[in-house]
Amino acid sequence: MKNLFIGVETSCDDTSICVMKRNKIVYEKTISSLELQQLYGGVVPELASREHLKNIHLILNDMLEHINIKKIKCVFCTTTPGLPGSLHIGIFFAKILAKLFNVKFVAINHLYAHIFSAYINSKQKIKFPFLSLVVSGGNTILYLVKDFNQIEILNETVDDAVGEVYDKVGRALGYKYPCGPIIDKLYEETYSHFKFINMPKPEDKLSFSGLKTAILNYINSNKMKNIDINNVLIISSFQKQIINLLVIRLKYYMEKYNIHDICLGGGVSANKLLRLEVSKLTNNVIYPELKYTGDNATMICYYGYLLYKSKKCRRLYV
Ligand code: KG4
């Protein structure tokens with residue numbers, strides 16, 4: 001009997017495959033090309049594609065030792081958004097798999113998978129509607145989630161994504177990519193009150209480039225004047241402000257729609273201060289396990305399974 005679901009994710013620098021039996025994980029593996037990308041201070045798309053090509057083969061061999069591939073019932077794969085070259089490798093691989101075993105190929109938007117990633121391995125029931133904040137290196141979006149496939153964008157960044165700003169500010173201070181986890185660790189509440197920008201109104205568009213430029217200018221002008229800079233002061237005040245920018249928006253939409261259930265997802269949702277501040281808004285907040293905050297195939301498989309189970313897979317290709 002065919003009873004296995006497979007998820008494939010290659011949208012950025014992580015090559016990842018997961019196999020589930022219903023919503024239970026039976027296999028998951030991710031190989032990251034982070035160490036290689038660190039040499040260049042960020043993700044180099046061409047290098048990411050080459051690494052996917054190599055790593056997907058390694059994961060396939062390993063997976064074949066753990067599962068009976070003939071039991072595959074459906075293939076879920078990230079098709080958007082992401083680096084085109086990286087996506088192609090996963091899509092090509094997943095389509096061949098689906099064709100070979102004559103099963104369905106389902107295209108997944110990996111940002112939607114981030115929305116539901118908090119429910120992986122969780123006992124909490126999914127209750128609609130809820131608000132979701134997806135914050136990563138490439139995206140910062142606030143969603144109103146009405147159903148598995150009824151997802152509305154309420155607000156999204158008009159310029160930089162939050163993770164990108166963490167990385168750029170961190171790099172200006174001499175830290176290694178990705179700088180989000182480093183800034184998270186170095187944060188000190190006592191240094192958080194120094195302000196770089198005045199807060200915009202909550203209903204305004206989400207924008208982070210003003211804050212980024214103000215900090216980079218502060219760092220550069222102090223360096224030019226040979227003034228010592230206090231990294232922890234910069235990091236802490238930067239982090240407080242950027243998290244506040246997110247939290248005031250969340251609060252605004254909670255009140256506007258009278259919704260108190262919140263889900264966080266994406267790489268930046270690992271951030272301790274973000275989790276703390278959002279938990280002050282409501283008791284009904286759910287976060288992904290740390291290993292599911294970044295891009296991973298488990299969330300692709302899990303979201304695909306939720307769509308499949310609720311008969312809401314709209315984009316099926318055989
Ligand atoms: O979702 P993700 O793994 O990849 C994509 O962007 O697609 O997110 C990576 C981003 C990086 O910018 C990284 O600096 C940031 O998430 N990040 C964090 C933390 N962990 C990762 N930012 C703030 N605090 C963290 N703990």
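Both ligands and their constituent atoms are indexed starting at 1 by order of listing. The basis for the numbers below is simple: all heavy atoms, side chains too, and nothing from hydrogens, waters or symmetry mates. The structure presented is a predicted model; accordingly, all values stated were derived computationally and were not measured.
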With nothing but distance in play, are any N or O atoms of H110 less than 3.5 Å from an N or O of ligand 1? no

Is any N or O atom of P178, backbone or side chain, closer than 3.5 Å to an N or O atom of ligand 1? no

Does ligand 1 have a heavy atom under 4.0 Å from the side chain of N271, from its backbone, from both, or from neither? both

Identify, for atom 22 (N) of ligand 1, the protein heavy atom at the shortest distance, and state residue, atom and that distance. G180 CA, 3.3 Å

Structural part of V268 in contact with ligand 1, heavy atom criterion under 4.0 angstrom: both

For ligand 1, find out whether one of its N or O atoms is nearer than 3.5 Å to an N or O atom of G163. yes

Where is the nearest protein heavy atom to atom 3 (O) of ligand 1: which residue, which atom, and how far? G294 CA, 3.3 Å

protein heavy-atom neighbour closest to atom 1 (O) of ligand 1 works out as G267 N, 3.0 Å

With respect to D295, determine whether any N or O atom, backbone or side chain, lies less than 3.5 Å from an N or O atom of ligand 1. yes

Should the pair F116 and Y119 be assigned to parallel (<30°), tilted (30 to 60°) or perpendicular (>60°) ring geometry? tilted

Where on V162 is there a heavy atom closer than 4.0 Å to ligand 1, on the side chain, on the backbone, on both, or on neither? neither

I want to check something: taking the side chain as every heavy atom from C-beta on, are I286 and F130 in contact at a cut-off of under 4.5 Å? no

Student check: side-chain heavy atoms of N155 and Y252 closer than 4.5 Å: no

